[in-house]
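The structure appears below as structure tokens.
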Amino acid sequence: MCDSCGCHPDDSNHGRQISLGQDILSLNNEIAGHTRQHLQEAGIFCLNIISAPGSGKTALLEGLGRYGKELAMAVIVGDQQTDNDQKRLQGAGLNAVQINTGAACHLDARMVHGAMHDLDLSTTRLLIIENIGNMVCPTAYDLGEDLRVAVVSTPEGEDKPAKYPDLILSSDVLLINKVDLLPHVNFNMDECCRQARRLKPGLEIFPVSATTGEGMAEFWQWLMGKCQSKG
Ligand SMILES: Nc1nc2c(ncn2[C@@H]2O[C@H](COP(=O)(O)OP(=O)(O)O)[C@@H](O)[C@H]2O)c(=O)[nH]1
Ligand SMILES: [Mg+2]
């Protein structure tokens with residue numbers, strides 16, 4: 001857990017820690033608002049993808065690269081260390097920049113704003129932020145995105161929506177990845193969807209596989225509808 005997170009204000013009776021968390025979040029929201037305005041003016045649609053480590057965020061983006069050519073898709077990817085994901089995404093033909101957060105467990109709006117200046121976004125219409133693998137802390141940080149995408153994967157088990165409600169409550173769409181593994185893992189798809197929609201009725205859910213491409217065209221079509229409705 002990182003010092004700046006402020007994700008456990010209720011754990012402490014120390015008022016100072018609570019107000020520090022609130023100050024950090026209100027500064028973050030201010031920067032995120034600035035980013036959102038900048039992206040709006042530039043006509044860029046922005047996604048923030050949040051999941052546990054290994055759910056397949058990078059693999060899904062490698063797959064989406066096939067669809068997004070005309071949008072000059074760009075990716076800002078966060079990990080504590082390494083530029084492995086930047087290299088994978090560039091290998092898939094995407095304009096990608098890596099943020100290393102060191103001890104921090106989430107991306108914040110200031111980091112993303114800084115990384116945006118390292119990307120040539122002049123022709124970009126779709127900017128995707130791959131957050132640090134963590135289902136809790138990133139949910140508290142607005143990054144200026146238009147749409148938040150939660151990902152869970154079948155080997156993680158169907159109880160993740162109930163266990164990590166903030167992820168579902170703060171997201172606009174849920175991808176259930178690795179459906180190609182359904183014959184090999186204990187995963188109840190109906191129960192996973194039920195838990196997610198109990199928290200957020202009407203939530204869009206797409207079962208997908210980054211490996212086989214199943215469900216990706218349906219998700220892409222839905223996403224393009226959202227991009228276009230923003231104008
Ligand atoms: N079988 C299967 N494996 C997947 C799928 N998506 C990702 N993986 C694998 O899961 C591991 C973690 O994927 P990665 O994209 O690095 O996850 P991230 O940490 O969320 O970015 C890698 O070994 C991927 O090849 C999928 O749909 N099916
Ligand atoms: Mg990744």
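Each residue takes its place number in the sequence, starting with 1. In each ligand, atom 1 is the first atom listed, and ligand 1 is the first ligand listed. Worth saying up front: this structure is predicted, and the values here are computed from it rather than measured.
Atom 1 (N) of ligand 1 is approached by the protein to below 4.0 angstrom, counting heavy atoms only. Inside a 4.0 Å radius of atom 17 (O) of ligand 1 there is at least one protein heavy atom. Less than 4.0 angstrom separates atom 24 (C) of ligand 1 from none of the non-hydrogen atoms of the protein.
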Chi angles and distances behind the side-chain contact (heavy atoms from CB on, under 4.5 Å) call for H34, E30: CA-CA 6 Å; H34 169 78; E30 209 174 294; over 6 Å; no

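Counting only heavy atoms of the protein, atom 8 (N) of ligand 1 lies nearest to K178 CE, 3.6 Å. Among all non-hydrogen protein atoms, the one lying nearest atom 6 (N) of ligand 1 is N177 ND2, 3.1 Å.
Distances below 4.0 Å separate heavy atoms of L181 from the following atoms of ligand 1: 1 (N). The contact set between ligand 1 and R88, taken as ligand atoms under 4.0 Å from a residue heavy atom, comprises 14 (P), 15 (O), 16 (O). Each of the atoms 15 (O), 17 (O), 18 (P), 19 (O), 20 (O), 21 (O) of ligand 1 lies under 4.0 Å from some heavy atom of K57. Within ligand 1, the atoms closer than 4.0 Å to a non-hydrogen atom of S209 are 27 (O), numbered from 1 in the order shown. Interface atoms of ligand 1 facing T58, defined by a heavy-atom separation under 4.0 Å, are 15 (O), 21 (O). The ligand atoms of ligand 1 that sit less than 4.0 angstrom from a heavy atom of D180 are 1 (N), 2 (C), 26 (C), 27 (O), 28 (N).
Only protein N, O or S atoms were considered, and those under 2.8 Å from the Mg ion (ligand 2) are T58 OG1, D85 OD2, E130 OE2.
When the shell of 6.0 Å around CD of E70 is examined, it contains more than 12 heavy atoms from other residues, nucleotides or ligands.
V149 and W220 fall within a single hydrophobic cluster, where Ile, Leu, Val, Met, Phe, Trp and Tyr side chains are chained together by heavy-atom contacts under 4.5 Å. A chain of hydrophobic side-chain contacts below 4.5 Å, direct or via other Ile, Leu, Val, Met, Phe, Trp or Tyr residues, connects V77 to M73.
Considering backbone and side-chain atoms together, P53 places no N or O closer than 3.5 Å to any N or O of ligand 1.
In this comparison of A59, G56, G54, A52, the heavy atom closest to atom 19 (O) of ligand 1 sits on G54.
With no hydrogens or angles considered, no side-chain donor-acceptor pair links T154 and K178 at under 3.5 Å.
Residue-level proximity to ligand 1 for L60 is absent, since no heavy atom of it falls below 4.0 angstrom.
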